[in-house]
Number of protein chains: 2
Amino acid sequence: MEEIENILENKLVRPTAMRMLVYQYFMGQDAAVSLTHVENAFDKADRTTLYRTLKVFEEKGVVHQIDDGTGTKKYALCEPGCNCELEQDLHLHFHCARCNETVCLTEHKIPHINLPEGFVAEDANVVLKGLCDKCSEK
Amino acid sequence: MEEIENILENKLVRPTAMRMLVYQYFMGQDAAVSLTHVENAFDKADRTTLYRTLKVFEEKGVVHQIDDGTGTKKYALCEPGCNCELEQDLHLHFHCARCNETVCLTEHKIPHINLPEGFVAEDANVVLKGLCDKCSEK
DNA sequence: AATAGCCATGCAACGGAAGTGCATTTATTT
DNA sequence: AAATAAATGCACTTCCGTTGCATGGCTATT
């Protein structure tokens, strides 16, 4: 818990009790989580607070947002040293059509893409869809 | 207009007046359009009808859906011969942060990606974000 | 230690977009 | 022309994201 406090402070996020708990929750997840997920995990806390917590986390580079095509935004912890830079930090995501989970493929960075003249890319969202390792076994 | 009728019939979509008009509208666009866009273009038609038109178009491979991260689903005409197959038909998309338009980069197919053991990809959504050619000039 | 001010939290409400059930109209088939 | 099927229109719901405002707690400054 001390550790979490340090991480948040390093990211210039004031380590309130709530924020530390949310961070801890993120650490226990291996799939990306939505606001609703967090909400269910913290019955007592208000939706808005959690919403803003996620927003602050995203702005300060604690988590990154993933748009997996389900219509619900998901979030996952950034890797240590991540700066959310295209081609350096940004990685692929995988959404499983069966279990509906979205996971980070942190080993798979986004390959360089030659864009047409005039296009300047600064961010990217890459989601592959199909069956994940757990679901394809069955 | 005759041509549109043929295209729809080839895709096994019954060419009603409404559907042909919507298809025509799509042809006149160079950016991806949302349901709201179509709605505004056809004041007289009901939202639900347009909604279901887009749904049928998507199911029958007339258009493909793009999730550009704005929270609003967008649609664009499929290329001739498109089967919406990964690595053959699927291409990149670009969302401009300034003009808020999303365009297809049909020349840029999705590169092959080696997934971890057990993952089976069947679909993909790739969106690059930044400034488009029109907006980066200024 | 008291006070002022800032930031986080909680409550209520709004708005956009997607989606569904059912009635009605239009088209197709026999 | 009747029977069937498909498309359209209307009303309503739900989900998610978001914002405004009031309250509470921590910090800093004196």
Side-chain angles (χ1 to χ4, degrees), chain A residues 4-5 8-9 11-25 32-60 62-76 95 97 100 102 125 127, chain B residues 1 4-5 8-9 11-25 31-60 62-76 95 100-102 125 127:
Chain A
I4 295 176
E5 196 171 336
L8 291 183
E9 276 175 349
K11 299 269 191 175
L12 303 177
V13 174
R14 280 173 111 181
T16 66
M18 193 75 253
R19 288 172 176 171
M20 290 196 284
L21 285 173
V22 172
Y23 192 96
Q24 192 180 38
Y25 171 73
V33 300
S34 66
L35 173 58
T36 307
H37 285 139
V38 184
E39 216 183 321
N40 293 336
F42 296 92
D43 280 354
K44 307 152 204 160
D46 187 77
R47 233 166 69 87
T48 313
T49 305
L50 298 171
Y51 166 72
R52 287 197 251 244
T53 298
L54 294 182
K55 204 173 175 186
V56 169
F57 276 13
E58 194 198 349
E59 284 165 2
K60 301 295 184 178
V62 178
V63 302
H64 59 278
Q65 196 184 88
I66 308 144
D67 196 330
D68 61 10
T70 59
T72 313
K73 289 179 183 176
K74 304 274 172 69
Y75 302 85
H95 174 73
N100 204 30
T102 301
N125 185 56
V127 180
Chain B
M1 214 53 169
I4 295 176
E5 195 170 339
L8 291 183
E9 276 174 348
K11 297 271 191 174
L12 302 177
V13 174
R14 280 172 107 184
T16 66
M18 193 75 252
R19 287 172 177 173
M20 289 197 284
L21 284 173
V22 172
Y23 192 95
Q24 193 181 38
Y25 171 73
V33 299
S34 66
L35 172 57
T36 306
H37 285 138
V38 184
E39 215 183 322
N40 293 336
F42 297 93
D43 280 353
K44 308 152 203 160
D46 188 77
R47 233 168 64 88
T48 313
T49 304
L50 298 171
Y51 167 72
R52 286 197 252 246
T53 299
L54 294 182
K55 204 174 176 186
V56 170
F57 276 12
E58 193 198 350
E59 283 165 4
K60 300 295 185 176
V62 178
V63 302
H64 59 278
Q65 197 185 87
I66 308 144
D67 196 329
D68 62 9
T70 59
T72 311
K73 291 179 182 175
K74 304 273 173 70
Y75 302 85
H95 174 73
N100 205 30
E101 286 199 344
T102 301
N125 185 55
V127 179

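So that the names make sense, note that chain A is the first sequence line, chain B the second, and so on, each numbered from 1.
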Checking D/dG17, D/dT8, C/dA18 against the side chain of A/Lys73 (C-beta onward), the nearest is D/dG17
Starting at atom CG of A/Leu35, determine the distance to atom P of D/dT19, rounded to an integer number of angstrom. 14 Å
Checking all strands, does A/Ser34 fall into the base, sugar-phosphate, or nothing category for heavy-atom contacts under 4.0 angstrom? nothing
Using 0.5 Å steps for rounding, measure from the OG1 atom of A/Thr72 to the CD1 atom of A/Ile66. 12.5 Å
For A/His37 and D/dC15, give me the distance from atom NE2 to atom P, rounded to whole Å. 14 Å
Exactly one of A/Thr102, A/Asn40, A/Val38 clears side-chain contact (heavy atoms from CB on, under 4.5 Å) with A/Val33, and that residue is A/Val38
Mark yes when over 12 heavy atoms from residues, nucleotides or ligands other than B/Lys60 sit less than 6.0 Å from its NZ; otherwise mark no. no
For DNA chain C, which residues in residues 39-48 of chain A have a heavy atom at a distance below 4.0 Å? A/Asp46, A/Thr48
Atom-pair distance (CG on A/Leu50; P on C/dA8), nearest Å: 14 Å
B/Arg52 CZ to B/Leu50 CG distance, which is reported to the nearest 0.5 Å: 11.0 Å
Looking at CE of B/Met20 and OG1 of B/Thr53, how far apart are the two atoms once the value is rounded to the nearest 0.5 Å? 12.0 Å
Provide, to the nearest angstrom, the distance between the CD1 atom belonging to B/Ile66 and the P atom belonging to C/dA18. 13 Å
Please confirm whether the shortest side-chain N or O distance from A/Lys55 to OP1 or OP2 of D/dT19 is below 4.0 Å. yes
Within-4.5 Å side-chain heavy-atom neighbours: A/Arg19 and A/Val56: yes
Could you go through the side-chain contact (heavy atoms from CB on, under 4.5 Å) check for A/Thr49 and A/Phe42 one step at a time? CA-CA 11 Å; A/Thr49 305; A/Phe42 296 92; over 6 Å; no
Check the distance between C/dT28's P and B/Glu9's CD and give it to me in whole angstrom. 10 Å
Is there a donor and acceptor pair closer than 3.5 Å between the side chain of B/Arg52 and the base of D/dG9? yes
Please write out the pairs of protein N or O atoms and N or O atoms of nucleotides 3-7 of chain D separated by less than 3.5 Å, giving the distance to one decimal.
{"unit_1": "D/dA6", "atom_1": "O4'", "unit_2": "B/Arg14", "atom_2": "NH1", "d": "3.1"}
{"unit_1": "D/dA6", "atom_1": "O3'", "unit_2": "B/Arg14", "atom_2": "NH1", "d": "2.6"}
{"unit_1": "D/dA7", "atom_1": "OP1", "unit_2": "B/Arg19", "atom_2": "NH1", "d": "2.9"}
{"unit_1": "D/dA7", "atom_1": "OP1", "unit_2": "B/Arg19", "atom_2": "NH2", "d": "3.3"}

Can a side chain N or O of A/Tyr51 be found less than 4.0 Å away from OP1 or OP2 on D/dT18? yes
Quick one: are A/Val63 and A/Tyr23 in side-chain contact, heavy atoms under 4.5 Å? no
side-chain contact (heavy atoms from CB on, under 4.5 Å) between B/Val127 and B/Asp67, worked out: CA-CA 8 Å; B/Val127 179; B/Asp67 196 329; 5.8 Å; no
Taking only side-chain N and O atoms of B/Thr72, does any of them lie within less than 4.0 angstrom of OP1 or OP2 on C/dG16? no
Measure the distance from CD on A/Glu59 to C1' on C/dA8 and round it to the nearest whole Å. 14 Å
Atom CG of A/Leu12 to atom P of C/dA8: distance rounded to whole Å? 12 Å
Could you tell me the separation between the CG atom of B/Leu54 and the C1' atom of C/dA17, rounded to a whole number of Å? 13 Å
